[in-house]
Amino acid sequence: EGVLALLSDSANATSTEQTASEAEVGQEIDQVIADAEGRVIVAAVASNLVRIQQVFDSAADHGRRVVLTGFDVENIVRTAIRLKKLTVEHEKLIVKPKDMNKFEDHELIILENGRMGEPIDGLQKMAVGRHRYVQIKDGDLVYIVTTPSIAKEAVVARVNNAIYKAGGTVKMITQSLRVSGHANARELQLMINLLRPQYLFPVQGEYRDLQAHAELALEVGLLPENIYIVKRGDIMHLSEDQGFLHEGAVPAGDVMIDGNAIGDVGNIVLRDRKILSEDGIFIVAITVNKRERKIVSKARVNTRGFVYVKKSRDILREAADIVNATVENYLAGDSFDWGELKGTVRDDVAKFLFDQTKRRPAILPVVMEVR
C-alpha cells in the first residue's frame, strides 16, 4: 500500500563519493596481510561479519591463526559460526589468547573488536600495556579496517601515536579505499525514488547531515512540509489531515553507568563533579552555641584542588574572617535556621572567593553546635 514514512540514515549524506565494494575491500585486506612480516592486529567492528569473514579467509590463505581478544567478539563469532553466517577453513584456525605463545609472530592475526564493538579503545590499551592479552611490540602491524566516526578522529590520532611509540606501525584501510556502512547522497536519493514515501525523517548524524539529507529529498520531489528534522526524544503524532504534529518530548539521552548502579548519577551530581574537577572544594567549619547565640570556636578552613595553601594563606585567613562575621551577624538576628545559616555562609564565601580568584569552588560549610 506504499510507504507512509521513511526514517533514513543521514551520516554520509554530504558525500557523493562511491564506496568500495566488498570484493575490493577483501582484496585489499588479503594483500596487506600477505605483505606483513610480523603479527597483524586487525581492528574491526564486531557486528560486521563480512569483514570478519574476509580476515578469516585471508588468514587461512596465508597460513595464519586468528586470535579473538574480546569476550564480545568471541560470542558473536561463535554464534555466527553456529548459525552458518561465518565459515572457517578448519577448526584450528581460531586460537585462544592464552595459546598465542605457541606460534611465531608471522603465524598470527589478532582480531581486536573491543567492548561493544568499539576497537579503538582496545588498541589504546595494547599500546600502553594495559590490555589483558596483547601488548604492541616492534614489528607489529595494526590494521584498522573500519572507518571511525568523525567524533573519534582526535582519539584515533592519539592511539596512532601511542602505537608508534610502542614500536608498531599503523595502516588504515581508508588510506586506500573509501569504506563506509552509510549510504552516500546518490544512494539516499535512490532509496527515496524506490520507496516514494509520503514523509521523510532524516535520522542518524550531525544536524548538517540531516539538513543535507532533507535537501537531497527536495531534489527528487518531496515537499518541504513533508520532511521532518526532529530531535532525540521528540514525539511526532500522525494526524488524519495535517501530517505529523509535534507533541512534546520524552527524556532521551546517554545513561550514566557509575560503579554498580545505573541511573543514580544525575545532572546535579555531574555538575558537582565538574566543579570539583575544575575549581576544587572549599570546606569551612565553625562551632556555635545556639542558646547563647555566640561563636564557641572560630572558623577553620580547608581546601583541596582550589589554591596552593602555602601561597594563599591571606585568602584563607580573610575567608575565615568573613565566615566569623557572617555568623555573628546572623546570630544577632531574631530567627535561627541551620539551613539558612549555612546558605548565608556559602553565599558570602563564594562571592569573596570569586572576587579574589575568579574561581567557583564547591563550598561545604559545616556548622556544629555545642550545648
Side-chain angles (χ1 to χ4, degrees), residues 151 154-155 206-207 230-237 245-371:
V155 176
E206 303 292 341
Y207 186 86
V230 295
K231 299 189 293 293
R232 183 185 300 180
D234 279 353
I235 298 171
M236 302 299 291
H237 176 73
L245 301 176
H246 184 262
E247 291 192 354
V250 296
D254 297 330
V255 176
M256 302 301 298
I257 302 175
D258 187 25
N260 295 325
I262 298 176
D264 66 328
V265 178
N267 291 334
I268 295 175
V269 174
L270 292 176
R271 182 199 65 196
D272 289 344
R273 288 184 181 180
K274 187 172 186 292
I275 293 171
L276 289 170
S277 68
E278 293 177 352
D279 294 331
I281 187 171
F282 189 94
I283 303 169
V284 54
I286 189 169
T287 306
V288 301
N289 187 315
K290 178 182 176 182
R291 180 177 297 176
E292 298 181 7
R293 303 186 80 81
K294 69 177 184 179
I295 296 173
V296 176
S297 176
K298 289 189 177 295
R300 289 172 295 154
V301 299
N302 204 346
T303 72
R304 287 292 184 275
F306 173 53
V307 291
Y308 184 49
V309 175
K310 289 185 178 179
K311 291 187 177 181
S312 306
R313 294 191 185 280
D314 290 344
I315 292 177
L316 301 184
R317 187 167 51 249
E318 288 182 51
D321 292 341
I322 287 172
V323 173
N324 292 329
T326 299
V327 173
E328 284 179 355
N329 290 338
Y330 188 83
L331 293 175
D334 296 331
S335 62
F336 189 95
D337 178 81
W338 292 106
E340 186 180 21
L341 174 56
K342 290 180 181 180
T344 304
V345 170
R346 186 184 295 111
D347 293 344
D348 289 354
V349 172
K351 184 177 184 305
F352 169 74
L353 294 179
F354 184 77
D355 289 342
Q356 296 295 316
T357 66
K358 294 298 182 280
R359 281 182 245 159
R360 300 184 189 276
I363 298 172
L364 187 62
V366 179
V367 182
M368 296 173 285
E369 181 185 8
V370 170
R371 296 179 180 176

Can V366 and V284 be said to form a side-chain contact (heavy atoms from CB on, under 4.5 Å), step by step?
CA-CA 6 Å; V366 179; V284 54; over 6 Å; no
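Remark: L353 CG to T303 OG1 distance equals 9.5 Å, nearest 0.5 Å. To the nearest 0.5 Å, atoms CD1 (I235) and NE2 (H246) are separated by 7.5 Å. The distance from atom CG of D355 to atom CD of E318, rounded to the nearest 0.5 Å, is 11.0 Å.
By the 4.0 Å N-to-carboxylate-O rule, D321 lies too far from R317 to be salt-bridged with it.
Within the 4.5 Å cutoff, the side chain of E247 has no heavy atoms near those of the M236 side chain. No side-chain heavy atom of V345 sits under 4.5 Å from any side-chain heavy atom of Y330. Side-chain contact between F282 and L364 is absent, with no heavy-atom pair separated by less than 4.5 Å. Here the side chains of V288 and L331 are in contact, with some heavy-atom distance below 4.5 Å. The side-chain heavy atoms of I315 and T357, taken from C-beta on, include a pair separated by under 4.5 Å.
Other residues, nucleotides and ligands place no more than 12 heavy atoms under 6.0 Å from the CD1 atom of I268. In K231, the NZ atom is not crowded: 12 or fewer heavy atoms of neighbouring residues, nucleotides or ligands sit closer than 6.0 Å. Crowding of R293 atom CZ: a count of heavy atoms from other residues, nucleotides or ligands under 6.0 Å exceeding 12.
Between the side chains of N302 and R304, at least one donor-acceptor pair of N or O atoms lies under 3.5 Å.
Note that K351 lies outside the cation-pi zone of F354, set by a 6.0 Å cut-off to the ring centre and a 45° limit from the axis. For the pair R359 and F306, the cation-pi criterion (under 6.0 Å, within 45° of the ring axis) is fulfilled.
Within the 3.5 Å criterion, the main-chain N or O of V230 finds no donor-acceptor partner in the side chain of D234. At least one donor-acceptor pair closer than 3.5 Å links the side chain of N324 to the backbone N or O of A299.
For the side chain to side chain contact (heavy atoms under 4.5 Å, CB included) criterion with I281, the lone passing option out of I275, L276, D272 is L276.
Considering every non-hydrogen atom in both K342 and P365, the closest pair reads O-CG, 3.7 Å. S297 and I286 make their closest contact through O-CG1, 3.3 Å (heavy atoms, listed as atom of the first residue, atom of the second, distance). Closest of all the heavy-atom pairs between K290 and F336 is CE-CD2, 3.6 Å. Closest of all the heavy-atom pairs between I295 and E328 is CD1-CG, 3.4 Å.
Applying the side-chain contact (heavy atoms from CB on, under 4.5 Å) criterion to I322, with sequence neighbours excluded, gives T326, D348, F352.
Evaluation of the salt bridge (Lys or Arg N to Asp or Glu O under 4.0 Å) test over residues 329-339, restricted to residues two or more places apart or in two chains, returns none.
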